[in-house]
There are 2 protein chains.
Amino acid sequence: MGVTKTQMFTEEQNDLAQFFKVLGHPARVAILQYISKQNTCICNDLVEEIGLAQATISQHLKELKSIGLLKGEVEGKSMCYCINVERWSIIQNQLNTFFNTTKSNCC
Amino acid sequence: MGVTKTQMFTEEQNDLAQFFKVLGHPARVAILQYISKQNTCICNDLVEEIGLAQATISQHLKELKSIGLLKGEVEGKSMCYCINVERWSIIQNQLNTFFNTTKSNCC
DNA sequence: TTTTAATATTGCAATATTACGATATCAATG
DNA sequence: CATTGATATCGTAATATTGCAATATTAAAA
């Protein structure tokens, strides 16, 4: 049905999946990589750099913000989007915990 | 359009996003966690454990296999799905490299 | 060789995601 | 206050994903 049966899973499973899902689009990976290379980053740069429409980039930024990976500050007319380094580390740790605790001991 | 413009991105970006995407569903997270707890794992166990239909579980298993995270061996009438530990580590490393190299030096 | 049990595949229906044009908003500037 | 520039939001079209019933496949058991 295209509807994920969220209620069947634990909160941990849903959270993990949500992080993975947000990172699961090449445009969002590219946005993060680009922001990481710049000292200042405004959405308009991204539109030129990534090559998607402004509305589309804005939407992707919104999703990245939704899990706290980005924070944006208003700077005059434009926005300054930055990686939220603390959150970044927290999420990296959570994903690593998942990888480390999920180990095979199968046949 | 619901169509990701894959050709706009680097192979690295597409690969990374693909890994994240496959992990971005709670059922698939749950499947991996369950397999990791069991010594033997057949699809039928999962159907009972996860509570989705057999066809649905089978589909999720297929996606996990598509990025090499799972490998399945025929064992009589049933399948034994195992985590591919080598691949698992490789992917974990790739994701960590992404996290570590993508750092903020913003405003 | 028929039956049975386990898994895969097919074919939908429902919902979600992606992308973008058109607008709205909002702050600085004239 | 009107204009301009940057970003957000809305509406919508196209495509993707999720889930399942029905069916196919396949290997062991009868």
Side-chain angles (χ1 to χ4, degrees), chain A residues 1-9 13-14 17-18 20-31 34-35 38 40-67 70-82 107, chain B residues 1-9 13-14 17-18 20-31 34-35 38 40-67 70-82 107:
Chain A
M1 296 168 187
V3 64
T4 297
K5 299 193 158 180
T6 316
Q7 75 286 356
M8 292 184 143
F9 306 102
Q13 287 164 342
N14 283 314
Q18 184 59 27
F20 282 127
K21 192 173 184 181
V22 168
L23 293 168
H25 192 289
R28 294 195 283 270
V29 169
I31 286 171
Y34 182 71
I35 290 182
Q38 305 303 116
T40 59
C41 172
I42 57 176
C43 179
N44 219 271
D45 285 348
L46 285 168
V47 173
E48 285 178 31
E49 175 71 13
I50 313 270
L52 293 170
Q54 182 267 323
T56 309
I57 295 290
S58 188
Q59 228 174 226
H60 284 306
L61 288 169
K62 191 178 173 184
E63 290 193 65
L64 288 166
K65 265 191 296 184
S66 78
I67 58 166
L70 288 187
K71 52 184 175 186
E73 279 176 41
V74 179
E75 201 165 83
K77 289 191 243 208
S78 51
M79 285 292 291
C80 174
Y81 276 110
C82 310
C107 36
Chain B
M1 296 165 189
V3 63
T4 297
K5 298 192 158 178
T6 317
Q7 75 287 353
M8 294 184 142
F9 306 102
Q13 287 164 343
N14 283 313
Q18 184 59 28
F20 282 126
K21 192 174 183 180
V22 168
L23 293 168
H25 192 290
R28 294 194 285 269
V29 169
I31 286 171
Y34 182 72
I35 289 182
Q38 303 304 114
T40 59
C41 170
I42 57 174
C43 179
N44 218 271
D45 285 347
L46 285 168
V47 174
E48 285 178 32
E49 173 72 12
I50 313 268
L52 293 170
Q54 181 267 324
T56 308
I57 296 289
S58 188
Q59 230 174 224
H60 284 306
L61 289 169
K62 192 178 173 184
E63 291 193 66
L64 289 166
K65 265 192 294 183
S66 78
I67 57 166
L70 289 186
K71 52 185 177 185
E73 278 177 42
V74 179
E75 200 164 82
K77 291 189 242 205
S78 50
M79 287 290 293
C80 175
Y81 277 109
C82 309
C107 35

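Just so you know, these numbers use all the heavy atoms, side chains as well, and skip hydrogens, waters and symmetry mates. Computed from a predicted model, the values in this text were never measured in an experiment. Chain naming here is simple, since letters A, B, ... match the order of the sequence lines and numbering starts at 1 in each.
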What integer distance in Å separates [X]:[atom1] from [N]:[atom2]?
X	N	atom1	atom2	answer
A/E73	C/dC26	CD	C1'	17 Å
B/I35	C/dT7	CD1	C1'	14 Å
B/E63	D/dA16	CD	P	13 Å
B/E75	C/dA5	CD	C1'	15 Å
A/K77	D/dT4	NZ	C1'	5 Å
A/D45	D/dT7	CG	P	8 Å
A/Q7	C/dT15	CD	P	14 Å
A/L61	D/dT7	CG	C1'	10 Å

Do any side-chain nitrogens or oxygens of [X] fall under 4.0 Å of OP1 or OP2 in [N]?
X	N	value
B/Y81	C/dA6	no
A/H60	C/dA19	yes
A/N44	D/dT7	yes
B/H25	D/dG19	yes
B/K21	D/dT17	yes

With sequence neighbours excluded, tell me which residues meet salt bridge (charged side-chain N to carboxylate O under 4.0 Å, His left out) with A/E49.
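In terms of salt bridge (charged side-chain N to carboxylate O under 4.0 Å, His left out), with neighbours along the sequence ignored, A/E49 is linked to no residue.
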On DNA chain D, check which nucleotide each of A/M79 and A/T6 is closest to and give me the residue with the more 5' one.
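That would be A/M79.
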5' precedence on DNA chain D between B/Q59 and A/Q59 (nearest-nucleotide basis):
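So the residue in question is A/Q59.
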4.5 Å side-chain heavy-atom contact, [X] and [Y]:
X	Y	answer
A/F9	B/I50	yes
B/V47	B/L52	no
A/K71	A/K65	no

Show the numbers, then the answer: is there a side chain to side chain contact (heavy atoms under 4.5 Å, CB included) between B/Y34 and B/L46?
CA-CA 8 Å; B/Y34 182 72; B/L46 285 168; 3.3 Å; yes
Using heavy atoms and a sub-4.0 Å distance, could you list which residues of residues 46-55 of chain B are near DNA chain C? By number, please.
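Within residues 46-55 of chain B, the residues near DNA chain C are B/Q54, B/A55.
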Would you confirm whether A/R28, through its side chain, and A/L61, through its main-chain N or O, come within 3.5 Å as a donor-acceptor pair?
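Between the backbone of A/L61 and the side chain of A/R28 there is no qualifying donor-acceptor contact (under 3.5 Å).
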Counting only N and O atoms by type, is there a donor-acceptor contact under 3.5 Å from the side chain of A/S58 to the main-chain atoms of A/A55?
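No: the side chain of A/S58 does not pair with the backbone of A/A55.
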What's B/S58 touching, base or sugar-phosphate or nothing? Going by heavy atoms closer than 4.0 Å.
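Base, at least one base heavy atom under 4.0 Å.
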How would you label the contact of B/S78 with the nucleic acid (heavy atoms, under 4.0 Å): base, sugar-phosphate, or nothing?
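Here B/S78 touches the backbone only, sparing every base.
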